[in-house]
Amino acid sequence: FSGGIFFGNDIYVASGVYGRTLISTNGHDWTIFDPTYTSKCVGYGNGQFIAQDGATSTNGIDWTLNGWESVGSLNRVVWVNGVFVAIGDTPAGTSAFTSFSGMRWRPVNSGTFDSLAKAIHPADKYVAVGPGGTIVTWPKGGKLTYRNSGTPNNLSAIAYGKGLFVAVGASAFTGDGYTATILASRNSSVWMQVTNVPATFPFAYGLSGIAYRNGLFVAVGDGGTILT
């Protein structure tokens with residue numbers, strides 16, 4: 001799955017290429033949907049899933065377009081203190097946006113984002129990941145701080161749970177495919193690579209999304225990969 005995975009309204013929603021969507025209530029058993037709508041889900045908050053083109057949905061299958069598709073592309077959306085906060089791309093470049101409804105978005109002065117892919121907001125700060133192993137943190141209203149991830153691999157998604165930040169991604173493509181990347185941190189400042197994954201895990205596939213709920217991290221990736 002080249003999109004991401006998000007939990008809300010008591011379901012996991014994982015999205016991939018061509019709009020293919022998987023729905024699960026427990027992170028283990030999944031139902032495949034092939035909707036006519038093809039944009040990827042990039043966030044959840046306030047009872048709504050948000051798609052890359054700004055469309056909204058309550059179940060991850062039926063979507064309502066809101067006009068953002070003509071403006072730009074949202075990379076990641078989080079719900080923070082009654083406001084949606086997103087990292088997105090427009091013809092003018094990558095920036096941060098806010099929305100009260102999830103339907104209308106306005107840019108905010110956020111500094112240089114360097115094409116960040118995904119962000120989360122646990123407690124009092126934001127943590128975002130992106131290409132080339134980029135990890136940045138910034139407190140609400142504060143400045144960006146770049147962290148040393150220890151990897152040159154692209155990072156696609158990040159989740160927080162059990163007092164732990166977990167970021168996932170993939171190496172550059174080689175003749176053998178991609179190498180999955182999993183990083184973990186307790187403070188978002190110091191990161192370590194996770195190596196205790198199952199020996200049978202298909203390392204030829206990269207990871208593109210991760211979510212946390214009810215004590216379980218669920219990661220998704222290429223080739224229909226789902227890892228818990």
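Between W30 and I5 the shortest heavy-atom distance is CH2-CD1, 3.6 Å. In terms of heavy-atom proximity, L65 sits nearest to A55 at CD2-CB, 3.9 Å. Smallest separation of non-hydrogen atoms from V127 and I158: CG1-CD1, 3.5 Å. For the residue pair C41 and F6, the shortest heavy atom distance occurs at O-CE1, 3.1 Å. Scanning both residues, A51 and L74, for their nearest heavy atoms gives O-CD1, 4.0 Å. Contact record, Q193 with L183: CA-CD2, 3.7 Å, taken as the closest heavy-atom pair.
Summarising the geometry, atom CZ belonging to R213 is positioned 7.5 Å from atom CG belonging to D10; distances are rounded to the nearest 0.5 Å. Taking OH of Y12 as the start and NE2 of H28 as the end, the distance is 8.0 Å to the nearest 0.5 Å. Rounded to the nearest 0.5 Å, atoms OG1 (T228) and CD1 (I210) are 10.5 Å apart.
For the 3.5 Å distance criterion, the side chains of N26 and S24 qualify, holding a donor opposite an acceptor. Residues N154 and S156 have side chains that never bring a donor and an acceptor to within less than 3.5 angstrom of each other.
Note on L207 and L164: same hydrophobic cluster, where clusters join Ile, Leu, Val, Met, Phe, Trp and Tyr whose side-chain heavy atoms are under 4.5 Å apart, directly or indirectly. Cluster annotation: L155 is not connected to M192 through the hydrophobic network of ILVMFWY side chains, with a link wherever side-chain heavy atoms come within less than 4.5 Å.
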**OP:** Dump the intermediate steps for side chain to side chain donor-acceptor pair (under 3.5 Å) on T64 and N66, then the final yes or no.
**Re:** CA-CA 6 Å; T64 301; N66 298 304; 6.0 Å; no
Original post:
Yes or no on side chain to side chain contact (heavy atoms under 4.5 Å, CB included) for F33 and V13, after CA distance, side-chain angles and deciding distance?
Top reply: CA-CA 10 Å; F33 292 89; V13 175; over 6 Å; no
Subject >> L22/I226 under side chain to side chain contact (heavy atoms under 4.5 Å, CB included): CA gap, chis, key distance, verdict >> reply: CA-CA 11 Å; L22 265 69; I226 298 176; 4.0 Å; yes
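Panel note: side chain S149, backbone G133; a donor-acceptor pair is recorded below 3.5 Å.
A 4.5 Å side-chain heavy-atom check between W105 and I50 finds at least one atom pair inside the cut-off. For the pair I11 and F49, the minimum side-chain heavy-atom distance is below 4.5 Å. Side-chain atoms of V194 and V166, non-hydrogen and from C-beta on, never get closer than 4.5 Å to each other.
Under the side-chain hydrogen bond (donor to acceptor under 3.5 Å, both in side chains) criterion, Y44 pairs with N9, sequence neighbours left out. Residues satisfying the side chain to side chain contact (heavy atoms under 4.5 Å, CB included) test with R147, not counting sequence neighbours, are I135, T137, T145, S189, W191. Scored by the side-chain hydrogen bond (donor to acceptor under 3.5 Å, both in side chains) test, N148 finds no partners at all (sequence neighbours excluded). S99 meets the side-chain hydrogen bond (donor to acceptor under 3.5 Å, both in side chains) test with no other residue; sequence neighbours excluded. By the side-chain hydrogen bond (donor to acceptor under 3.5 Å, both in side chains) test, N46 pairs with no residue at all, sequence neighbours left out. Remark: D62 pairs with N59 by the side chain to side chain contact (heavy atoms under 4.5 Å, CB included) rule, at least two apart or across chains.
Between F165 and Y160, the angle of the ring planes lies from 30° to 60°, which puts this pair in the tilted group.
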